[in-house]
Protein chains: 4
Amino acid sequence: MARGNTRQRIQDVALELFAEQGYEKTSLREIAERLDVTKAALYYHFKTKEDIVISLFQDIVRPLDELIAWAAEQPRTLETKTEILRRYHDALTRAAPLFRFMHENQATVRDLSIGVDFKDRLVRLSELVQEPDLPMADRVRCVSALFTMHAGMFFLQHVDGDPEEKRKAALEVAVDLITQAHTGHA
Amino acid sequence: MARGNTRQRIQDVALELFAEQGYEKTSLREIAERLDVTKAALYYHFKTKEDIVISLFQDIVRPLDELIAWAAEQPRTLETKTEILRRYHDALTRAAPLFRFMHENQATVRDLSIGVDFKDRLVRLSELVQEPDLPMADRVRCVSALFTMHAGMFFLQHVDGDPEEKRKAALEVAVDLITQAHTGHA
Amino acid sequence: MARGNTRQRIQDVALELFAEQGYEKTSLREIAERLDVTKAALYYHFKTKEDIVISLFQDIVRPLDELIAWAAEQPRTLETKTEILRRYHDALTRAAPLFRFMHENQATVRDLSIGVDFKDRLVRLSELVQEPDLPMADRVRCVSALFTMHAGMFFLQHVDGDPEEKRKAALEVAVDLITQAHTGHA
Amino acid sequence: MARGNTRQRIQDVALELFAEQGYEKTSLREIAERLDVTKAALYYHFKTKEDIVISLFQDIVRPLDELIAWAAEQPRTLETKTEILRRYHDALTRAAPLFRFMHENQATVRDLSIGVDFKDRLVRLSELVQEPDLPMADRVRCVSALFTMHAGMFFLQHVDGDPEEKRKAALEVAVDLITQAHTGHA
DNA sequence: AATGAATGAGGATTCATTCAT
DNA sequence: TATGAATGAATCCTCATTCAT
């Protein structure tokens with residue numbers, strides 16, 4: 001009946017449920033039931049529950065790695081930094097559910113083996129929009145720029161307004177923040 | 001053996017473990033073992049596991065409510081807003097582990113009955129540092145100001161530097177953000 | 001505050017709850033809460049949970065024993081038998097909740113130490129309304145007479161009609177049954 | 001190891017234990033141990049403990065429903081009523097342990113979701129052996145007829161005599177009772 | 001005459017995982 | 001490419017009971 005797309009369908013449903021209810025509160029039974037297969041079927045495609053999450057992370061980590069690699073080769077100009085934010089914003093938008101899952105399940109993700117990897121990348125990324133020897137406040141601005149976009153995606157849900165507009169505004173503020181950090185805002 | 005402090009001790013250990021490992025991954029058995037009491041003893045003091053968390057939240061919600069009440073009565077000047085941030089920063093610092101728990105277990109907290117309450121308060125607080133009819137970017141700044149302090153407490157752990165200094169810098173940036181929002185930063 | 005009547009109050013509440021929900025599904029916590037005392041208070045008055053039931057049974061067993069003793073001394077006439085039924089009917093009416101409890105919790109009562117006693121008394125009573133060497137059908141009639149009154153109290157709840165009238169009718173039928181058994185109904 | 005008969009085996013053992021010790025005093029651990037499987041295995045076959053009982057009831061409810069349906073279509077003659085009793089007697093005999101369980105665990109069965117259903121059927125059945133507008137005593141006779149057979153199966157255990165003979169006698173008395181009710185026994 | 005604090009044993013249930021087919 | 005059947009370990013929670021005060 002279902003062809004070779006089962007693996008993909010598992011990932012889709014899993015992500016949906018993980019994002020919605022959290023990792024621990026989503027059981028393999030639940031995933032299987034939604035797909036109308038048995039739990040055992042899941043094990044044909046993934047070695048463990050954690051394996052499913054890991055596979056999901058690939059989708060997020062690869063673009064992130066590419067972004068980091070690209071950024072590392074650019075001159076550290078304001079334009080580059082702006083472009084980094086723009087691209088991160090893009091990744092965020094495209095993989096929104098996954099980021100949401102990450103964001104809301106940090107305690108879980110933290111000891112999920114890939115948790116560390118992800119955090120490292122965020123740190124790395126925040127470094128790439130910083131300047132060495134920046135005053136602390138400006139370093140905070142750079143980190144905050146990243147977080148502002150996260151906030152723009154998740155917390156701003158609870159604030160009224162057009163989602164698209166809110167995301168754009170978040171990007172704008174983020175860019176503003178690194179600009180200030182970059183120029184040593186008088 | 002142990003006197004009337006058991007309830008408090010449960011809360012302490014619970015908070016510690018919840019913050020460290022997450023809510024779901026902390027079992028009552030674990031809490032009980034650390035305290036060298038039986039699981040049943042926990043149930044003498046708290047009706048359910050959720051009840052323990054709820055009791056913890058009281059410590060956070062009360063100061064927050066006081067802050068909100070106070071803020072609602074002040075004139076909406078920049079000084080007031082700055083003071084709100086300062087006080088929130090204080091609350092954050094004092095109840096750091098609890099905020100950390102909240103921050104890292106959002107998926108869990110969300111459907112923990114008090115989850116909604118807490119989020120509502122954050123929304124309310126972000127409104128109190130905003131101006132009505134602000135352009136979206138400035139509204140994002142206000143929300144971001146709050147989040148920056150969160151980031152200052154949790155994500156910045158992974159950035160080197162003196163914790164005290166980082167927190168102060170976070171507050172500074174937050175104040176800066178609402179200042180920009182307030183003055184309609186030319 | 002409460003004086004020497006606590007013991008009695010415990011029995012009252014316990015009987016009420018036992019009859020309503022069954023013995024196992026009624027916890028001492030529940031009883032204590034209803035009385036607004038602690039569980040420990042129950043243990044001041046009764047050694048165990050079973051002890052509470054046992055104490056309740058006294059109220060039923062004593063009248064029954066008196067009835068049996070009285071019956072054993074009477075001539076085995078139809079009048080006597082009728083009077084036995086009448087008196088049993090009385091006991092049943094007076095201690096309705098307790099009989100209801102017994103009736104609906106036989107599995108529990110059975111291994112409750114006094115369970116056997118009670119059953120023995122019923123058997124004894126059924127013998128007292130029989131004649132030795134009666135054909136089996138007539139012996140069934142005698143047992144059935146007893147059960148008819150039980151049915152009259154409990155199952156007939158679910159049949160419409162005035163309770164008083166139903167109970168009287170049950171007694172009437174019961175008397176009829178032993179009359180048939182006594183006279184060897186042609 | 002064991003093939004497709006596990007579900008059936010669970011039902012068998014469960015019924016045996018439920019009838020012997022009562023529903024609440026029979027734990028799933030006990031059932032599992034008797035079958036030499038784990039508790040979890042029970043949950044593969046039944047969603048809850050209650051589900052096991054429900055499944056058992058199917059065996060009793062179906063024949064009962066058929067009997068009721070059949071009876072509803074017959075003319076309300078004495079022959080029909082007699083046949084109803086006879087068939088009920090059959091059902092009772094065949095599913096004796098189940099009826100015994102029901103009989104002795106009424107308090108439990110009552111709020112077991114199917115409890116109501118079963119009682120409704122008994123009421124319905126008692127109506128089918130009655131005549132409309134019968135005097136109360138005769139209505140009691142009809143109910144008593146049903147109960148006599150129950151008594152014949154359970155209470156009469158404690159009376160000596162051949163079980164087969166006792167059951168037959170119970171049926172005989174029951175028939176007698178509805179005959180009296182039917183003919184308006186002068 | 002009663003409470004506050006606790007225990008130990010056990011309850012039903014759920015979970016991720018396995019493996020023969 | 002899956003399923004049916006099962007396991008072992010853990011979960012939260014409840015209960016009757018105890019005892020020092």
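Each chain gets a letter, A, B and so on, in the order its sequence line appears, and its residues count up from 1. Quantities reported herein were computed from a predicted structural model and do not represent experimental measurements.
- The backbone N or O of B/G22 lies less than 3.5 Å from no partner atom in the side chain of A/R110, so there is not a single donor-acceptor pair.
- By the 4.5 Å heavy-atom criterion applied to side chains, A/F46 and A/R7 are counted as neighbours.
- Taking side-chain N and O atoms only, B/H45 has no distance below 4.0 Å to OP1 or OP2 of E/dG4.
- Judged by distance alone, with hydrogens and angles left aside, the side-chain atoms of D/R9 form a donor-acceptor pair with the main-chain N or O of D/L35 at under 3.5 Å.
- Distances shorter than 4.0 Å separate none of the side-chain N or O atoms of A/Y44 from OP1 or OP2 on F/dA2.
- Looking at residues 52-60 of chain D, you'll see that no heavy atom sits under 4.0 Å from any atom of DNA chain F.
- Taking atom CZ on D/F46 and atom P on E/dT14, their separation rounds to 15 Å, with Å as the unit.
- Each side chain to side chain donor-acceptor pair (under 3.5 Å) pair with one or both residues in residues 38-50 of chain C, not counting sequence neighbours, appears once here: C/E50-C/S113.
- Aromatic ring pairs are classed by plane angle as parallel below 30°, tilted from 30° to 60° and perpendicular above 60°; the pair B/F99 and B/H150 is perpendicular.
- Within the structure, every side-chain polar atom (N or O) of D/T6 is placed at least 4.0 Å from both OP1 and OP2 of F/dA5.
- Rounded to whole Å, the distance from CD1 on B/I10 to C1' on E/dA6 is 11 Å.
- Atoms CD and OG1, from C/Q8 and C/T6 in turn, are 10.5 Å apart once rounded to the nearest 0.5 Å.
- Ion pairing between a basic and an acidic side chain is recognised when a charged N comes within 4.0 Å of a carboxylate O; C/K25 and C/E30 show no such pairing.
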Pairs of donor and acceptor atoms involving the side chains of residues 54-64 of chain A, under 3.5 Å and at least two apart or interchain, shall be tabulated with distances.
{"residue": "A/S55", "atom": "OG", "partner": "A/Q11", "partner atom": "NE2", "Å": "2.8"}
{"residue": "A/S55", "atom": "OG", "partner": "A/I52", "partner atom": "O", "Å": "2.7"}

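- Residue B/L35 contributes atom CG, which lies 15 Å from atom P of E/dA5 at whole-angstrom precision.
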Exercise for the section: Going 5' to 3' through nucleotides 15-21 of chain E, assign each nucleotide B (protein heavy atom under 4.0 Å from a base atom), S (under 4.0 Å only from sugar-phosphate atoms) or - (no protein heavy atom that close). Expected result: BBBBB--
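- D/F18 pairs by the ring-ring contact (aromatic ring centres under 6.0 Å, His included) definition with D/Y23, D/F101, not counting sequence neighbours.
- Per the geometry, CG belonging to A/D36 stands 13 Å off C1' belonging to F/dA2, to the nearest Å.
- For C/L17 and F/dA16, the CG to P distance is 12 Å, given to the nearest whole Å.
- Under the 3.5 Å distance criterion, the side-chain polar atoms of C/R100 are left unmatched by any main-chain donor or acceptor of C/M153.
- Atom CD in B/E33 sits roughly 11 Å away from atom P in F/dA10 (whole-Å rounding).
- A/E16 has its side chain within reach of A/R34: a pair of non-hydrogen atoms, C-beta onward, lies under 4.5 Å apart.
- The nearest heavy atom of DNA chain F to A/V37 and to D/L42 marks one nucleotide each, and the one closer to the 5' end goes with A/V37.
- Counting only Watson-Crick and G-U wobble pairs whose two key distances fall under 3.5 Å, DNA chain F forms stems of three or more stacked pairs at E:2-21 with F:2-21.
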